[in-house]
> 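Below you'll find the structure I mean.
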Protein chains: 2
Amino acid sequence: MTKIQKVADLAGVSTATVSRALAGKSSVSPATRSRVEDAARELGYVVSANASSLASGRTRNVGVVVPFIDSWFFIAVLKGIQRSLADAGYDLTLYHLDPNVGQDRPVEENPRRRRLFDEFLRRGRVDALIAVSLELTRAELDSLTAIKKPVVGIGGPLPGIQTLSLDDHEVARLAVDHLLALGHREIAHLAGDQDFEIDFHLPAHRRAGWEEALAHSGITSDPLMLRTADFTIAGGYDATLQLLGDPRVHPTAIFAASDEMAIGAMLAARDLGRSVPEDLSIIGIDGHDLSEFFGLTTVDQFPEVQGRHAVEILLHQLDGDRPEPGNEALPYELVVRKSTGPAPGSSRG
Amino acid sequence: MTKIQKVADLAGVSTATVSRALAGKSSVSPATRSRVEDAARELGYVVSANASSLASGRTRNVGVVVPFIDSWFFIAVLKGIQRSLADAGYDLTLYHLDPNVGQDRPVEENPRRRRLFDEFLRRGRVDALIAVSLELTRAELDSLTAIKKPVVGIGGPLPGIQTLSLDDHEVARLAVDHLLALGHREIAHLAGDQDFEIDFHLPAHRRAGWEEALAHSGITSDPLMLRTADFTIAGGYDATLQLLGDPRVHPTAIFAASDEMAIGAMLAARDLGRSVPEDLSIIGIDGHDLSEFFGLTTVDQFPEVQGRHAVEILLHQLDGDRPEPGNEALPYELVVRKSTGPAPGSSRG
DNA sequence: ACGGCGACTGCAAGCGTTTCCGGTCCGCGC
DNA sequence: GCGCGGACCGGAAACGCTTGCAGTCGCCGT
């Protein structure tokens with residue numbers, strides 16, 4: 001005998017009523033409801049997720065796809081997602097799409113990706129999906145819209161689905177403008193690597209913002225002031241060592257594409273005997289946990305909030321209203337700390 | 001008509017055969033199998049996870065419970081788990097049990113915990129469970145063994161279930177012995193906070209290992225040499241500032257309970273003008289990603305491997321053999337880098 | 001030529017819920 | 001007194017697979 005049947009027997013009702021009572025439906029009398037609840041408690045009954053999903057078509061589970069599992073930003077977003085989901089009583093299943101594997105072939109052929117989209121997501125284990133910083137191919141988008149489940153993407157506009165994205169261009173301009181306002185003219189940029197298809201050309205946008213802000217102040221950006229590096233502390237450190245060791249350039253400020261790179265830059269500056277911000281100002285992007293500790297000025301992008309917001313949108317859609325998909329701009333904010341100061345010799349000092 | 005039925009019709013076989021063919025069972029002729037596969041491909045058919053689970057009792061999904069979602073260690077373990085699980089074709093659903101919420105009441109009454117154990121895990125959404133650094137209560141353990149699903153715990157012995165744990169005591173001794181061998185006698189310890197019930201008293205064990213190693217060398221541990229701090233860079237930094245600023249003690253070495261604390265200590269030492277390792281040696285525990293960058297000597301505990309190993313054990317158990325649950329010691333290894341050196345004035349210098 | 005065996009395959013009984021579609025019953029308006 | 005609507009509740013049909021059991025069939029050994 002099925003478990004729900006036992007509960008029904010104990011409570012002296014039908015399984016239909018047990019189901020309704022336990023699901024909190026309204027059409028159950030208070031008396032019956034509590035009898036059912038008592039019976040369920042007594043028998044230690046818990047609804048079988050699978051049977052329930054099969055019958056109802058809903059799983060109360062959402063999938064989250066991330067490209068990196070060990071980078072601060074993604075974890076921060078994930079944290080926000082998981083918190084909100086848990087609050088709403090949803091489970092979260094985590095999918096990891098490592099962009100490093102299968103890099104030798106075009107994205108469309110990456111077998112892991114194919115498998116994820118063609119199988120995992122279509123098995124009906126999730127009600128909805130959140131894709132963090134994944135630039136989806138046409139086919140993948142089609143595949144997603146075909147399964148008719150809510151999808152929200154964080155990190156860049158994607159045609160046909162609801163997305164949340166940061167205006168990297170403007171964020172970069174805000175950062176560089178801050179430096180310009182402090183009187184800096186020689187502003188270097190530690191840019192991210194652009195090899196990955198995953199990131200909506202984020203490094204390119206940030207770089208363009210840097211160039212534009214400079215141009216706006218009548219400064220031509222020097223190619224030597226642009227250094228490509230890994231999105232890590234070590235990456236920022238190495239690039240900064242090289243930058244500051246290059247006799248051809250004399251930056252008084254560095255705009256790093258991420259806080260981790262910026263922290264690496266601070267450490268490198270210190271190791272070279274340059275004091276921050278007296279000799280060199282440094283600014284990053286992210287709002288990393290460590291930025292406060294290091295006194296790093298940054299443009300915070302509130303990743304955890306991004307996660308929470310994505311869930312919010314998803315839950316709305318699961319509740320029935322599916323608005324026209326579009327892109328929503330994410331908030332950001334300049335947080336000034338001790339790593340930026342007036343340019344050396346600047347009248348504004 | 002159900003989807004599998006359509007595939008069956010197209011292939012000209014029964015649904016039973018389709019199911020068997022797609023599940024890779026052996027008793028299907030090669031010809032039939034490929035006919036089924038073609039039909040499935042043509043129809044874009046994917047087995048419904050729920051229906052399959054309901055019918056078979058298996059979900060191909062495992063649950064992972066972590067106490068912190070934004071700490072390096074847990075993420076590293078999670079990464080290992082997720083990789084192995086993905087390789088084996090399993091999904092991973094993530095549960096987060098924040099020990100910070102509900103701290104005002106005894107663990108047994110923490111509603112989130114109750115809910116997780118009494119509901120989520122019993123809904124049958126997972127085939128097995130991995131609990132990372134969670135000290136489970138008697139009731140929780142009973143609840144777990146009652147549902148008869150494989151469980152493996154990482155981080156400390158737990159009665160009745162299979163566990164993987166680091167011998168924190170020995171790890172600490174190894175670290176301190178390294179310092180002693182370098183001639184240090186004044187060895188301070190940055191200990192973790194013991195407020196949480198979640199960690200198998202890991203801070204206490206590491207501290208005990210420190211005391212024992214000292215005692216073994218005839219050194220009585222000075223209470224002033226013991227500082228409690230957060231398990232973070234900032235925690236280690238602050239504690240070290242205080243330690244080094246205290247005129248009553250003169251440590252030549254610091255043994256930090258985690259790499260993050262150790263890195264904080266290195267930064268603090270540098271800010272105070274003490275050079276590492278000339279004036280002060282520092283050693284941590286973990287094998288943190290950043291330890292290499294900072295040149296930190298540490299006892300690596302290979303967290304990613306811990307995750308992989310846990311999955312390995314789980315898969316074995318899911319394959320049928322359920323050995324007597326026990327505890328398995330995890331490997332660790334001293335990795336000497338630049339943060340430790342001979343004690344100042346030591347003959348071994 | 002025949003029993004037996006092994007390799008395949010099909011039938012149909014579940015798996016444990018949800019939910020549509022009616023019923024029953026009670027109170028109320030007229 | 002009677003028809004009616006609403007609040008509750010039950011019967012039973014899905015939901016979409018898996019798998020035990022019972023064949024069918026060709027082939028081998030004798």
Side-chain angles (χ1 to χ4, degrees), chain A residues 1-37 39-40 43-61 119 122-127 147-149 318 320, chain B residues 1-37 39-40 43-61 119 122-127 147-149 318 320:
Chain A
M1 188 192 299
T2 64
K3 301 198 68 187
I4 199 178
Q5 186 60 258
K6 291 187 186 165
V7 178
D9 290 353
L10 214 196
V13 297
S14 70
T15 63
T17 299
V18 173
S19 174
R20 284 189 280 248
L22 263 25
K25 303 256 161 123
S26 55
S27 58
V28 176
S29 74
T32 306
R33 182 184 305 277
S34 69
R35 226 167 346 117
V36 170
E37 284 167 350
L43 296 175
Y45 173 73
V46 175
V47 177
S48 152
N50 287 312
S52 173
S53 299
L54 180 58
S56 70
R58 273 168 272 110
T59 65
R60 293 194 81 74
N61 184 27
E119 287 181 35
R122 298 186 52 216
R123 289 191 304 195
R125 213 201 264 304
V126 301
D127 285 343
I147 56 179
K148 293 196 195 316
K149 293 195 197 306
L318 287 172
Chain B
M1 188 193 300
T2 65
K3 301 199 67 185
I4 198 178
Q5 187 59 258
K6 290 188 187 163
V7 178
D9 290 353
L10 215 195
V13 295
S14 69
T15 63
T17 299
V18 173
S19 173
R20 285 190 278 249
L22 262 26
K25 303 255 163 125
S26 55
S27 59
V28 177
S29 74
T32 307
R33 181 184 305 277
S34 69
R35 228 170 339 121
V36 170
E37 283 167 352
L43 296 175
Y45 173 73
V46 175
V47 177
S48 152
N50 287 313
S52 174
S53 298
L54 181 57
S56 69
R58 272 169 272 109
T59 64
R60 293 195 79 74
N61 183 27
E119 285 181 36
R122 298 186 51 216
R123 289 191 304 196
R125 210 200 266 305
V126 301
D127 285 343
I147 56 180
K148 294 197 194 314
K149 291 194 197 309
L318 287 172

> Could you identify which residues of residues 6-14 of chain A place a heavy atom less than 4.0 Å from some atom of DNA chain D, listed by residue number, or say none?
G12(A), V13(A), S14(A)
> Taking any atom under 4.0 angstrom from a heavy atom of chain A, which nucleotides of DNA chain D are the first and last to qualify, 5' to 3'?
dC8(D) to dG16(D)
> Can you name the closest pair of heavy atoms from E119(B) and V46(A) and give their distance?
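Scanning both residues completely, I find the closest heavy atoms to be O-CG1, 4.0 Å.
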> If I compare all heavy atoms of T59(A) with all of R125(A), which pair ends up nearest, and what's the gap?
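It is OG1-O, 3.4 Å.
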> Do the side-chain N or O atoms of T17(B) get closer than 4.0 angstrom to the phosphate oxygens (OP1, OP2) of dT9(C)?
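False: T17(B) side-chain N/O out of range (4.0 Å or more) of dT9(C) OP1/OP2.
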> Counting C-beta onward and ignoring hydrogens, is there a side-chain heavy-atom pair between Q5(A) and D9(A) closer than 4.5 Å?
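Yes, side chains in contact.
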> Please state how far atom CZ in R125(B) lies from atom C1' in dT17(C), giving the value in whole angstrom units.
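To the nearest whole Å, that distance equals 14 Å.
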> Applying side chain to side chain contact (heavy atoms under 4.5 Å, CB included), can you list everything that pairs with L318(A), at least two apart in sequence or on another chain?
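With sequence neighbours excluded, L318(A) shows a side chain to side chain contact (heavy atoms under 4.5 Å, CB included) to Y90(A), D127(A), A128(A), P150(A), L315(A), given in chain and number order.
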> Assign each of R33(B) and T15(A) to its nearest nucleotide of DNA chain C by heavy atoms, then name whichever residue's nucleotide is nearer the 5' end.
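In this pair, the answer is R33(B).
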> Report the distance from atom CG of L54(A) to atom OG of S53(B), rounding to the nearest 0.5 Å.
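Output value for this atom pair is 9.5 Å.
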> Distance check, rounded to the nearest 0.5 Å: E37(B) atom CD versus Y45(B) atom OH?
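Rounded to the nearest 0.5 Å, the CD-OH separation comes to 13.0 Å.
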> Using a 4.0 Å heavy-atom cut-off, does R58(B) contact any base of the nucleic acid, only the sugar-phosphate backbone, or nothing at all?
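Sugar-phosphate only.
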> So which heavy atom on V36(A) is nearest to which on V7(A), and how close?
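Closest pair (atom of V36(A), atom of V7(A), distance): O-CG1, 4.2 Å.
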> Listing request: all side chain to side chain donor-acceptor pair (under 3.5 Å) pairs with a residue in residues 14-23 of chain B, at least two apart in sequence or in separate chains.
S14(B)-T17(B)
> Through what angle, rounded to 10 degrees, does the axis of the helix from dA1(C)-dT30(D) to dC30(C)-dG1(D) turn between its ends, using five pairs per end?
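Terminal axis comparison yields 40°.
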> Kindly give the heavy-atom pair with the smallest separation between N50(B) and G124(A), and that separation in Å.
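Closest approach of N50(B) to G124(A), heavy atoms only: ND2-O, 3.2 Å.
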> Could you check how far CZ of R20(B) sits from P of dA12(C), rounded to whole Å?
14 Å
> Distance check, rounded to the nearest 0.5 Å: R33(B) atom CZ versus S26(B) atom OG?
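Rounded to the nearest 0.5 Å, the CZ-OG separation comes to 8.0 Å.
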> Donor-acceptor pair, distance only, cut-off 3.5 Å: does the side chain of R122(B) make one with the backbone of G44(A)?
yes
> I need the minimum non-hydrogen distance between A8(A) and V18(A), along with the two atoms involved.
CA-CG2, 3.5 Å
> Enumerate the residues from residues 43-56 of chain A whose closest heavy atom to DNA chain D is under 4.0 Å, giving them by residue number; use none for an empty result.
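L54(A), A55(A), in order of number.
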> Between I4(A) (CD1) and dG16(C) (P), how many Å, whole number?
11 Å
